[in-house]
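A short write-up of the structure that comes next.
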Amino acid sequence: DTLALSLTILPHIPPISSVNSGDRKSFTMDVRRRPVKPLYPSEHISSGEPLKPHNQDSSVKASDALPLPLYLTNGLFFTMFFSVMYFLLHRWREKIRNGIPLHVLNFSELVAMVSLIASIIYLLGFFGIGFVQSFVSKGNNDSWDVEDESPEQFIDRTVTPPPVRRNIPMKSVPIAEKTAQIITPFLSEDDEVVIKSVVEGRIPSYSLESKLGDCKRAAFIRKEALQRSSGKSLEGLPLDGFDYESILGQCCEMPIGYIQIPVGIAGPLLLNGKEFSVPMATTEGCLVASTNRGCKAIYVSGGATSVLFRDAMTRAPVVRFGSAKRAAELKFFVEDPMNFETLSVVFNKSSRFARLQNIQCAIAGKNLYMRFSCSTGDAMGMNMVSKGVQNVLDYLQNEYPDMDIIGISGNYCSDKKPAAVNWIEGRGKSVVCEAIIKEDVVKKVLKTEVATLVELNMLKNLTGSAMAGALGGFNAHASNIVSAVYLATGQDPAQNIESSHCITMMEAVNDGKDLHISVTMPSIEVGTVGGGTQLASQSACLNLLGVKGANREAPGSNARLLATIVAGSVLAGELSLMSAISAGQLVKSHMKYNRSCKDVTK
């Protein structure tokens, strides 16, 4: 059968019977010297026996040392290793005690040394060499013998094996896919040179994107250089699966990867007659579940209603004069209604969406703070309002040449800081949201009583917050919901500070049977265009809410709708948490949903 198979594979070789006896020896030697290339199974083979694939490793294994089952062979060499090791250690201890040189060996010790070496060779061959070779062979792949091909040809080539007997289906697999399954990523020589240059300070880390022209490669090199220079591992920080081009010059500088935050869904939230599934990115257990329970209570009670009563982003530059009198003169000029139209024209030139609404001034000695408020369409609007303010400052500089512009932001805005001016005057979107929760829903869904909730809200959210000197913090946990929704939808998480300003009110209505609950949030700062909203994950969450991008028909309506959804979600979260506290379930629920079962000692 072997001869027939050989003749089938090599049809150009004449049959043995046709070769005379004098030439058989030379013919046999020629066949042995002829290299035979491994092939796929041929349809000419009719034996029906499956053949090994041509790339199957048929080399001798360490487990072939003895003609025994694998578990017996392993057990034998393990036993030999430990028993011989124990014997030699025992003998060496006696030699040291008696002053006998260690290199002097008797027959039993010599046999033990040979057995130890043999067992070490076997164990390394079985467990160690393959593991070591998996790292050594990373840089020694033959690239499937396609060095002369272009990358495009390499990717597009496919290998389609010939048909095999027994109708076994074989898929056409791209070579690039096979290579990806076998070859793990490794550092090229070019990458190694760049990494060393970054570590040594010859190439600034911040310039990698511009020098390499590949944002992902730049992030990889920066991460590797950081690990080497700091001596700290960043193994758990993922690099793949992110579009680094999308954040260049917009969201983040000098990236080395991205963090993973799970996104949960609360809802449906029935708000103004429409249902919304609210995405929440958080690592706090219980938060999504609690907000979801609040959404259920609102839904079965007929839904919530929200009203947006102010929409204005602010920026407040600070300027200085030689005297307080001159500062007051500019204040009167800016606040004069006769001059507002002129200033509005100058301001509105900065954007087709920016519209100046008012300017509020405050004096501190020779210094004047001017708080500009304007609408910004579907953008959150910080950059937009800043450009408009710069235009007005340039105009005022001509009218008041002695005006010294100290800074375009004087903290009277006030951005990313708790401030009474935001709590009183508002910043961004100002929203009030309310709902009436029926008595049976309070009892069955929220597991508490209306009167208990009203009393708790008065003593906790109102009196307790006043005792603490809270600024805009007359609520249970509005910041929890705001932060989770902001992270999921690509908002600026730092603006959670003023956006979480909220006062929660509860009152018994309908003869004390039902509960009226409301949240008033004067400074929700959100947008649906710009910043992190254009990233793929955050854009998907905005799309889920139906507020992705700019609204062409009614500019600004998407951002305003998002602000009302944030307020509605806060309403649900406040309702559920206050109910859990009044029913004594807070600790129990957190022990169940906010505690890991893993053994952290491991």
Side-chain angles (χ1 to χ4, degrees), residues 138-139 141 143 150-155 176 179-180 183-261 263 281 350-351 378-384 386-387 390 408-409 415-416 486-495 527-543 548-550:
K138 286 181 180 179
N141 295 284
S143 299
S150 66
E152 292 80 5
Q153 294 171 328
F154 178 77
I155 293 174
T179 308
I183 304 174
T184 55
F186 60 93
L187 288 174
S188 66
E189 294 182 2
D190 292 340
D191 289 343
E192 188 66 39
V193 171
V194 177
I195 291 172
K196 289 182 178 179
S197 299
V198 174
V199 172
E200 295 170 359
R202 288 183 282 115
I203 296 180
S205 178
Y206 61 81
S207 66
L208 287 173
E209 281 78 6
S210 60
K211 290 184 180 295
L212 299 177
D214 186 339
C215 292
K216 182 177 179 181
R217 184 183 173 209
F220 165 73
I221 289 175
R222 183 179 294 112
K223 178 180 179 181
E224 184 64 26
L226 179 61
Q227 291 185 117
R228 295 187 186 184
S229 60
S230 66
K232 308 294 183 181
S233 173
L234 294 173
E235 182 180 359
L237 186 67
L239 185 72
D240 294 330
F242 189 83
D243 182 11
Y244 293 92
E245 303 284 347
S246 64
I247 65 174
L248 181 64
Q250 184 168 359
C251 293
C252 182
E253 298 77 36
M254 297 193 290
I256 58 172
Y258 60 96
I259 62 171
Q260 298 165 312
I261 302 179
V263 178
S350 63
S351 170
D378 282 309
M380 184 271 290
M382 285 295 300
N383 293 332
M384 191 184 299
S386 296
K387 289 190 294 182
Q390 188 63 57
I408 196 171
S409 175
D415 185 40
K416 301 172 184 174
Y486 271 28
L487 289 173
T489 57
Q491 311 304 312
D492 189 339
Q495 290 183 323
T528 58
V529 295
T533 63
Q534 51 87 34
L535 298 178
S537 302
Q538 290 83 339
S539 180
C541 291
L542 289 172
N543 188 57
K548 177 183 176 180

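Heavy-atom basis, side chains included; hydrogens, waters and symmetry copies ignored. Remember, it's a predicted structure, so these values are computed and weren't measured experimentally.
- In plain terms, the two heavy atoms of Ile408 and Ser386 that are nearest each other are CD1-O, 3.5 Å.
- Put simply, the side chain of Tyr258 gets close to the backbone of Asp240: a donor and an acceptor are under 3.5 Å apart.
- Within the 4.5 Å cutoff, side-chain heavy atoms of Lys416 are placed close to those of Asp492.
- Nearest heavy-atom pair, Ala218 versus Leu212, reported as atom, atom and distance to 0.1 Å: CA-CD1, 3.9 Å.
- Taken from OG in Ser197 to CZ in Arg202, the straight-line distance is 3.5 Å, to the nearest 0.5 Å.
- Counting only distance, with no hydrogens or angles, the side chain of Thr528 and the backbone of Gly549 share a donor-acceptor pair below 3.5 Å.
- Shown here is Glu200, whose CD atom has more than 12 heavy atoms of other residues, nucleotides or ligands within 6.0 Å.
- Of the possible donor and acceptor atoms, none in the side chain of Gln538 sits under 3.5 Å from a partner among the backbone N and O of Ala488.
- Lys232 has its side chain out of reach of Gln227: every pair of non-hydrogen atoms, C-beta onward, lies at least 4.5 Å apart.
- For the residue pair Pro493 and Leu487, the shortest heavy atom distance occurs at CB-CD2, 4.0 Å.
- Between Asp214 and Lys216 there is a side-chain heavy-atom pair separated by less than 4.5 Å.
- Within 6.0 Å of CG on Asn383 lie no more than 12 heavy atoms contributed by other residues, nucleotides or ligands.
- Here the SG-OH distance, from Cys251 to Tyr244, works out to 13.0 Å after rounding to the nearest 0.5 Å.
- A donor-acceptor contact shorter than 3.5 Å links the side chain of Gln534 to the backbone of Ser246.
- Looking at Met382 and Met384, their side chains never come closer than 4.5 Å, going by heavy atoms from C-beta outward.
- Taking 4.5 Å as the limit, some side-chain heavy atom of Asp191 sits within range of a side-chain heavy atom of Arg217.
- Put simply, the side chain of Val194 reaches to within 4.5 Å of the side chain of Leu208, judged on heavy atoms.
- Nearest heavy atoms, Val529 versus Ala550: CG1-N, 3.4 Å.
- Nearest heavy atoms, Leu226 versus Ser229: O-OG, 3.2 Å.
- Rounded to the nearest 0.5 Å, atoms NZ (Lys548) and CG (Asn543) are 5.5 Å apart.
- Counting heavy atoms from C-beta on, the side chains of Glu209 and Pro255 come closer than 4.5 Å.
- Residue Glu253 places its CD atom among 12 or fewer non-hydrogen atoms of other residues, nucleotides or ligands, all under 6.0 Å distant.
- Taking SG of Cys215 as the reference point, atom CZ of Phe242 lies at 10.5 Å (rounded to 0.5 Å).
- Across Val263 and Cys541, no two heavy atoms sit closer than the pair CG1-SG, 4.3 Å.
- Taken from CD1 in Ile256 to CD1 in Ile221, the straight-line distance is 14.0 Å, to the nearest 0.5 Å.
- Checked by atom type and distance alone, the side chain of Gln491 pairs as donor or acceptor with a backbone atom of Thr489 at under 3.5 Å.
- Here the side chains of Ile195 and Arg228 are in contact, with some heavy-atom distance below 4.5 Å.
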